[in-house]
Amino acid sequence: MKKTNIFLSRLGLRYPIIQAPMAGVSTAKLAAAVCEAGGLGSLGLGASSVEQARQLIAETQTLTNKPFNVNLFCHHHPQRNHENEQAWIDYLLPQFSEFKITPPKKLNEVYQTFIDNIEMLELLLEMKPAVVSFHFNIPSAEVIRQFKQQGIYTMATATNLQEARLIESSGIEAIIAQGIEAGGHRGMFDVQAKDESLTTNTLVSLLHRHTTLPIIAAGGIMDGDDIKLALQNGAMAAQLGTAFILCPESAANAHYRAKLKSQTTDNTVLTTAISGRPARGVINQFIRIGHEYGANKLPDYPIAYDVGKQLNAAAMQLGSDEFAAHWAGQSVARAREMSAKELVETLVQEMGRI
């Protein structure tokens, strides 16, 4: 039996199509629609509290009885530095003044890491989603063991071979190979390390040769031809994020949708300016302002993100989306507007016979 078929049969999937777990964009309706269409839907829980996570998982379970994936952020705890954080606030004082809001006196850790988050772990062991995936790093061997004891399938993102080998040695069961084309946050374990900037297909081929786990291709994949190429390079499945943002089931607001539909070329950039961690999004005023400040001076993720969220909320009140995080991959110009079911069906038609 082909490895691809083994992977699909393990998760009960008809097609090697995974909807990326985009925090803030993925919804229960989107995940369930992809599952019902034969792919693997996902929930991005990195920005969710335990109670929000419970509600999202429960809602998805009412909409589908098929397996779905929940994704967690495993970033290191940020190092607090008051002077560094105040300097970032001070740099953005002209924007706070422009939007007529008072700058914050301090910054908050807007996203909690799954590392050491006992309550989130207990929730997942209780609700037992079929798949749990990790981004930015991996949890302890003991946590992974507990998931496996419950029959929960585990996956984690790697951007290079070193990270993939750490994933493999941990007992996690599949590797999401995230190429440099991917929209949203890079899954790098160590943001201080040099980014090898490997393309999706280069990374997939590399990991296929040097690891034994199923590989999932992620980054710049928008149509059936992209999926076929990833499979030919050794992937077991493909994970698509930007391709699903224009689906009516996603939580993307009207500004986000208009921004994506207006793209005619690759107008994205990899930046730390918005969140303090490398992420790819459509270029806007906030990214330009952040680049002028200097990435090496930013507060740690997700502390830096707090300022951006406050500025975006104020800018949106005045009708501007120039401070929003419009995360998107390099192939954003090929995004299509259709339901999640229709998109999966279209991808399968484009792939032809698997």
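Everything numeric in this text was worked out from a predicted model, so none of it was measured. Below, each value reflects all heavy atoms present in this structure, side chains not excepted, and no hydrogens, waters or symmetry copies.
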Does any part of the side chain of Asn233, heavy atoms only, come nearer than 4.5 Å to the side chain of His208, both counted from C-beta? no
Test of understanding: clusters of I, L, V, M, F, W, Y form through side-chain heavy atoms closer than 4.5 Å, transitively. Do Met188 and Ile303 belong to the same one? no
Hey, is Arg54 close enough to Glu126 for a salt bridge, meaning N to O under 4.0 Å? yes
If you measure from OG1 on Thr157 to CD on Gln178, what distance do you get to the nearest 0.5 Å? 6.0 Å
Look at the aromatic rings of Phe73 and Tyr301 and report parallel, tilted or perpendicular, splitting at 30° and 60°. perpendicular
Is any side-chain heavy atom of Thr242 closer than 4.5 Å to a side-chain heavy atom of Ser331? no
Could you tell me whether the side chain of Thr211 and the main chain of Leu207 form a donor-acceptor pair under 3.5 Å? yes
Could you check whether any side-chain N or O of Arg257 sits under 3.5 Å from a backbone N or O of Ala252, counting only pairs where one atom can act as donor and the other as acceptor? yes
Do Asn160 side-chain atoms and Glu163 backbone N/O form a donor-acceptor pair below 3.5 Å? yes
Minimum heavy-atom distance between Phe99 and Ala315, given as atom pair plus value: CZ-CB, 3.7 Å
At what distance, to the nearest 0.5 angstrom, does CG of Leu311 lie from CZ of Phe323? 6.0 Å
Heavy-atom donor-acceptor pair, Ser97 side chain to Leu93 backbone, under 3.5 Å: no
With heavy-atom distances below 4.5 Å as the criterion, would you say the side chains of Cys247 and Leu343 are in contact? yes
Regarding Asp306 and Lys309, does a basic nitrogen lie under 4.0 Å from an acidic carboxylate oxygen? no
Testing the basics here: between Phe96 and Pro104, what is the closest heavy-atom pair and its distance to 0.1 Å? CZ-CD, 3.5 Å
Do Leu123 and Ile115 share a hydrophobic cluster (ILVMFWY, side-chain heavy atoms under 4.5 Å, transitive)? no
For Gln79, does the CD atom have more than 12 heavy-atom neighbours from other residues, nucleotides or ligands under 6.0 Å away? no
Under 3.5 Å, is there a donor-acceptor pair linking the side chains of Thr346 and Glu350? no
Keeping the roles fixed (side chain from Glu249, backbone from Ala340), state whether a donor-acceptor pair exists under 3.5 Å. yes
Can you confirm whether the side chains of Thr113 and His76 place a donor and an acceptor under 3.5 Å from each other? no
Salt-bridge criterion met for Lys106 and Glu85 (N-O under 4.0 Å): no
Rounded at 0.5 Å granularity, tell me how far CE in Met155 sits from CD1 in Ile215. 11.5 Å
Treating Thr271 as the side-chain partner and Ile287 as the backbone partner, does any N or O pair qualify as donor plus acceptor under 3.5 Å? no
Run through Thr272, Val191, Thr159 and flag the one making a side-chain contact (heavy atoms from CB on, under 4.5 Å) with Arg186. Thr159
Could you tell me if Glu168 and Thr212 have a donor-acceptor pair between their side chains, going purely by distance under 3.5 Å? yes
Is it true that the side chains of Asp266 and Thr268 contain a donor and an acceptor less than 3.5 Å apart? yes
If hydrophobic clusters are built by linking Ile, Leu, Val, Met, Phe, Trp and Tyr wherever their side-chain heavy atoms come under 4.5 Å apart, do Met127 and Ile144 end up in the same one? yes
Looking at every heavy atom in both Arg280 and Leu270, which two are closest together, and how far apart are they? N-CD1, 3.6 Å
Pairing residues for Val25 by the side chain to side chain contact (heavy atoms under 4.5 Å, CB included) criterion, not counting sequence neighbours: Met22, Ile245, Ser250, Tyr256
Once side-chain hydrogen bond (donor to acceptor under 3.5 Å, both in side chains) is applied, do any residues pair with Gln52, and if so which ones, sequence neighbours excluded? Ser49
Glu142 bridged to Lys148 by N-O distance under 4.0 Å: no
Would you be so kind as to tabulate the donor-acceptor pairs closer than 3.5 Å made by side chains of residues 28-43, with sequence neighbours excluded?
unit_1: Glu36; atom_1: OE2; unit_2: Thr64; atom_2: OG1; d: 2.5
unit_1: Ser42; atom_1: OG; unit_2: Gln19; atom_2: O; d: 2.7
unit_1: Ser42; atom_1: OG; unit_2: Asn69; atom_2: ND2; d: 3.1

Side chains of Asn201 and Leu229 in contact at under 4.5 Å (non-hydrogen atoms): yes
For the side chain of Asp226 and the backbone of Met222, is there at least one donor-acceptor N/O pair under 3.5 Å apart? yes
Heavy-atom donor-acceptor pair, Ser339 side chain to Glu342 backbone, under 3.5 Å: yes
Nearest heavy-atom neighbours spanning Ala158 and Ile167: CB-CD1, 3.8 Å
Quick check: does any side chain N or O of Ser26 sit under 3.5 Å from a backbone N or O of Gly44, one acting as donor and the other as acceptor? yes
About how many Å separate CD of Glu122 and CG of Leu124, when rounded to the nearest 0.5 Å? 10.5 Å
Are Phe147 and Leu213 co-members of a hydrophobic cluster defined by side-chain heavy atoms under 4.5 Å apart? yes
Can you see which heavy atom on Trp88 is nearest to which on Gly290, and at what distance? CH2-CA, 4.3 Å
Check whether NZ of the Lys or CZ of the Arg Arg10 lies under 6.0 Å from the centre of the six-membered ring of Tyr153 and within 45 degrees of that ring's axis. no
Which distance, rounded to the nearest 0.5 Å, do you find between the CZ of Arg334 and the OG1 of Thr264? 14.0 Å
Looking only at heavy atoms, which two atoms of Ser133 and Ile176 are closest? And how far apart? CB-CD1, 4.3 Å
Output for pair (Phe286 CZ, Ser320 OG), nearest 0.5 Å, gives 12.0 Å
Centres of the Tyr111 and Tyr305 rings: under 6.0 Å? yes
So does Gln146 get a backbone contact from the side chain of Gln150, meaning a donor-acceptor N/O pair under 3.5 Å? no
Does the distance from a Lys or Arg side-chain N to an Asp or Glu carboxylate O, for Glu292 and Arg288, drop under 4.0 Å? no
Do we get Lys297 above Tyr293's six-membered ring, with its NZ or CZ under 6.0 Å from the centre and within 45° of the axis? yes
